[in-house]
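Since the structure comes first, as structure tokens, the remarks are kept for the end.
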Amino acid sequence: MQSYPNHWEADVVLTDGGTAHLRPITPDDADLLREFHSRLSPETIYYRFFAPYPKLSDRDVQRFTTVDYEDRVALVATISDSLVAVVRYDKVAPEEAEVAFVVEDGHQGRGLASVLLEHIGAAARERGMRRFIADVLPENRRMINVFREAGYTAQQTFDEGVIRLTLDLQPTDGSQEVMRAREQRAESRSIARLLFPESVAVIGASRTAHTIGQTALRNLLNGEFQGPVYPVHPEAKAVVGVRAYPSILDVPDQVDLAVVAVRADMVVDVVEQCAEKGVHGLVVVSSGFGEIGPEGRARQDELVRTARAAGMRVVGPNCLGVANTDPAISLNATLSPDLPAPGPIGFFSQSGALGRAILQRVAERGMGLSTFVSAGNRADVSGNDLMQYWQEDPSTKVVLQYLESLGNPRKFTRLARRLAKQKPVVAVRSGGSAQATPTGHAAGGLALPDYAVTSLFQQAGVVRVDDITQMFDAAQLFAYQPLPAGPRVGVIGNSDSLELLVKDAAVRQGLKPHEPVNLGPQATAEDFDNALRTALAADDVHSVVVVFVPALQPIGDDVARVLRARSLESDKPIVATYLARQGLPEELRHVGDLGQTLPGSVPSYPAPEDAVRALAHATRYAQWRDRKPGRHPELPDIDGARARSVVSRALSKADAAKDEVAWFGGERRYDEETAISNEDTHELLSCYGIAAYPDIRVHSADEAVVAAGELGYPAVVKADAPDLRVRAGGTFVRADLRTPDDVRSAYLSLYDRFGGEAELVVQRMAAPGVPTVVRAGDNRSFGSVVSFGLADVTAELLDDRSFRLAPLTDMDAADLIHAVRAAPLLFGLPAGATSLAEQPDVEALEELLVRVSRLVEAFPEIGYVDLDPVLVNATGAHVLGARMWLREAPEVRPDSGPRRLRGVTF
């Protein structure tokens, strides 16, 4: 029997926050299918079969469970080893199939039908189907709504008492938006079930002080959790004075959340008991999983598979836990006793080790949290899930994330961009990124320098900061001050020195400071009040920085009260720097802290540079949020089908070449990515409307002369090898060759210089212009990325490049060009030009960048593409050199196709 693709299996989140497992049906499901059918109500059976059908015959079961995964495909949804839904299609025409589904009565209304339709539709498209038809009884309104609300283009007819719906399976903006909206609601509710439990069990609660189990239990109790807490201990009758139970199955009442603190080898058994009990979610604080190596990773995968199969989400393992400061819940299911007061900040941390220190720092600053999640190994719940939840959580105004890696980069950037349009997202990403080689290419795709990581975060609307301290600095401002409407900054203070520090810092951060208003060392609260009123009333002041050094005489809290009063009245942000804080009265000393729990508070920073940096983050974020995102231009001349054929052919050639590689010590030696031929590269580019200049590789002076005659004069002879511009100092090209003798002489000169180090290429000369470099490919941390820079030795050595996520909008493409320091060379007249008619065609360059981004986004097989140089002149952007590397692509991209949870081995 033919097998099915592995990616047809998936774990999915349902609309109520539970989970289910989807997979193709097999003949081994015969008994499950019989049991499933026996649980269906007569009405559900009638809606599916249009007749009473109380029992499936053996022939029916064999027909329904035996499919070929081509013309006949069926998917089932299972929860806790029970089959709860089935969807199937049967091919009825070359590109058309009939689809039908049935969901067990007790699981209807949970979104199973919608998610099954998404997955069966994706499978059908892979098998060449373009349309689904479905016959539905008019009274079956629920099924009709599922089809209508899928977002696909649909037609409806009525004949002989049956409604026939015809669905076009081609994804549309509408169908994608419907799918993403359902995903957001479902994943948000799955997190809400973890953060709003009505009861909690601590499995592994210990009678020994300072153990993980007892710490988790004590923190729950000391945090005044508003529901019952059930310690689980195999022998004890009570733990820390609370009645204990031998196992979770012995707890007499419903348990919503289980905190698991047992040995790693015991966890899976505990999870199975939780599944039997009907627990909604797990927080696994135990260690000994993926962090210790392959054995632990296998144990971790089993943990997640078991939990998801039973409809449970998992935080952890090896995590600090979760907290919700909502007074109606007061949940501290963490290993930290320091839980901050309620506030508007949601915090996600991958690191359990840092989590406790982070919570302590938050509490010390007086900043309030709405929710906190430390996900540890992120075997299941990740920062992406929390972003889905925080998007619609009214208690969260600012999102903070401490990230060590991005498990699903495409989904992260998509969710971050959407969330950041509503709420600031501030992230610390540790670990940096692989430094790019001079050509920007590293094994496995496009390598990124650290500054590129920052720019990609900014493109997604995420404020990236360097450390935890800067994260809290930015959070103080975002949480309690309005966003600045522009970059112009008013500076008020009673110290010339501090005011100059503010001005210099503002200029370095790209802000536009006004001349400081110095009130003198004896300034009173009234003086500050008057100056603040004047600055805030000015149209050309978008924010204000106040610096204050107390006089020798003790002072009161009147200045602090002035700042707060003006802040409450203004829609412009105010930040402050107070020096000699030890000499201030309590209320003033903690004006920043005091403010963190009150609307309109003024954040106070220990140094002017800290205040200005936080203000700059807020200004750039506000500008990003206000700007138009741009549009994805229509590119009608893209031939995706031909491009797919070229990619397949090139990969086949690469596989054949690998088979010819010699064996060394029993191991083949070849790169993960394979450079494809010049011809295949040019053809693949042409499929996306990118015309590369033809060139001919030559091996003698005579061949060079013949090639120049074929291509036409004036000609160019150049050496062709990666990184040659830097190594050769820009002297690897001989241009403006107008005779055969010129070509022969150029060839011999370059051959003498490079020998066998580089191939020599002949090409027709393009009109003078500005040489640039366009590179794109897949980065393991961010997905498809496009980079741009000038093809110049200095630009390469100074790493003057810019980066953006693919696919690019027209605005992204323009930003990509303007972001390099050498961009002015593209916007003035080139050397020797005499009129604007000779100005480089930057619009053509922008279109080229958009096309390249579409290409690498559409084909995950493209690990790296290098267009070098791209000559931009008055007639367009001309690709004079092109290289491309392909690789075997994953079966499915993590954020493409129907919605799914990350695979446990992802």
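Each residue takes its place number in the sequence, starting with 1.
Every residue two or more places apart in sequence or in another chain was checked for a salt bridge (charged side-chain N to carboxylate O under 4.0 Å, His left out) with Arg185, and none qualifies.
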When you look at Tyr47 and Glu139, which way does the side chain to side chain contact (heavy atoms under 4.5 Å, CB included) test go after all the steps?
CA-CA 8 Å; Tyr47 284 159; Glu139 56 268 33; 3.4 Å; yes

Apply side-chain hydrogen bond (donor to acceptor under 3.5 Å, both in side chains) to the pair Thr44 and Ser41, showing each step before the final yes or no.
CA-CA 5 Å; Thr44 296; Ser41 68; 3.1 Å; yes

Before you tell me yes or no, could you show the steps for Val852 and Val850 under side chain to side chain contact (heavy atoms under 4.5 Å, CB included), namely the whole-Å CA-CA distance, both residues' side-chain angles and the distance that decides it to 0.1 Å?
CA-CA 6 Å; Val852 170; Val850 170; over 6 Å; no

Report the C-alpha distance between Arg418 and Gln391 in whole Å, list the side-chain angles of each, state the deciding distance to 0.1 Å, and finish with yes or no for side-chain hydrogen bond (donor to acceptor under 3.5 Å, both in side chains).
CA-CA 8 Å; Arg418 187 177 65 188; Gln391 180 182 335; 2.8 Å; yes

Criterion salt bridge (Lys or Arg N to Asp or Glu O under 4.0 Å) on Arg642 and Glu683, from CA distance to verdict:
CA-CA 9 Å; Arg642 184 163 67 96; Glu683 184 176 358; 3.7 Å; yes

Check the pair Ser188, Gln388 against side-chain hydrogen bond (donor to acceptor under 3.5 Å, both in side chains), reporting the backbone distance first and the verdict last.
CA-CA 5 Å; Ser188 173; Gln388 299 275 43; over 6 Å; no

Apply side chain to side chain contact (heavy atoms under 4.5 Å, CB included) to residues Val84 and Thr78 and explain how you reach the verdict.
CA-CA 6 Å; Val84 297; Thr78 62; 6.0 Å; no

With side-chain hydrogen bond (donor to acceptor under 3.5 Å, both in side chains) as the test, would you mind laying out the steps for His107 and Arg110 before giving the verdict?
CA-CA 6 Å; His107 293 277; Arg110 303 186 66 194; 3.0 Å; yes

Show your working on salt bridge (Lys or Arg N to Asp or Glu O under 4.0 Å) between Asp168 and Arg130 and close with a plain yes or no.
CA-CA 6 Å; Asp168 186 342; Arg130 300 184 62 180; 5.9 Å; no

Any chance you could lay out the side chain to side chain contact (heavy atoms under 4.5 Å, CB included) test for Ile133 and Asp135, step after step, and finish with the verdict?
CA-CA 7 Å; Ile133 58 172; Asp135 291 333; 5.8 Å; no

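Residues Phe147 and Phe101 bring their aromatic ring centres within 6.0 Å.
Pairing each heavy atom of Gly121 with each of Phe132, the nearest pair is CA-CE1, 3.8 Å.
The closest side-chain heavy-atom distance from Leu684 to Leu855 is below 4.5 Å. Side chains of Asn140 and Arg48 form no contact here, defined as non-hydrogen atoms less than 4.5 Å apart. Counting heavy atoms from C-beta on, the side chains of Ser175 and Gln170 never come closer than 4.5 Å. Residues Thr26 and Tyr69 have side chains in contact (heavy-atom distance under 4.5 Å, counting atoms from C-beta outward).
Side-chain contact annotation: Asn678 with Thr681, donor-acceptor N/O pair under 3.5 Å absent. Side-chain contact, Arg164 with Gln156: no donor N or O sits under 3.5 Å from an acceptor N or O. Side-chain contact check for Asp778 and Ser784: no donor-acceptor pair (N or O, by modelled atom type) lies under 3.5 Å. For the residue pair Glu126 / His7, a side-chain donor-acceptor distance below 3.5 Å is found, with atom types taken as modelled. Between the side chains of Asp60 and Tyr53, at least one donor N or O lies within less than 3.5 Å of an accepting N or O.
Tested against Glu9 for a side-chain hydrogen bond (donor to acceptor under 3.5 Å, both in side chains), the candidates His21, His119, Arg23, Arg900 yield a single pass: His21. Tested against Leu194, the residues Val315, Leu282, Val314, Asp256 include a single side chain to side chain contact (heavy atoms under 4.5 Å, CB included) partner, Val315. Checking Arg189, Arg899, Lys411 one by one against Glu183, the salt bridge (charged side-chain N to carboxylate O under 4.0 Å, His left out) holds for a single residue, Lys411.
Contact check on Asp810 versus Arg631 returns a salt bridge, with a Lys/Arg side-chain nitrogen under 4.0 Å from an Asp/Glu carboxylate oxygen. With salt bridges taken as basic N to acidic carboxylate O contacts below 4.0 Å, one links Lys653 and Asp680. A salt bridge between Arg313 and Asp11 is absent, with no side-chain N of the basic residue lying under 4.0 Å from a carboxylate O of the acidic one.
Between Phe49 and His37, the ring-plane angle classifies as perpendicular under the 30° and 60° cut-offs.
The environment of CD in Gln155 is sparse: at most 12 heavy-atom neighbours from other residues, nucleotides or ligands sit within 6.0 Å. No more than 12 heavy atoms of other residues, nucleotides or ligands lie within 6.0 Å of CG in Asp81, so this atom counts as exposed by the packing criterion. Counting heavy-atom neighbours within 6.0 Å of Arg649 CZ, excluding the residue itself, gives a total above 12.
A donor-acceptor pair is defined here as one N or O able to donate and one able to accept, closer than 3.5 Å; such a pair exists between the side chain of Arg72 and the backbone of Arg63.
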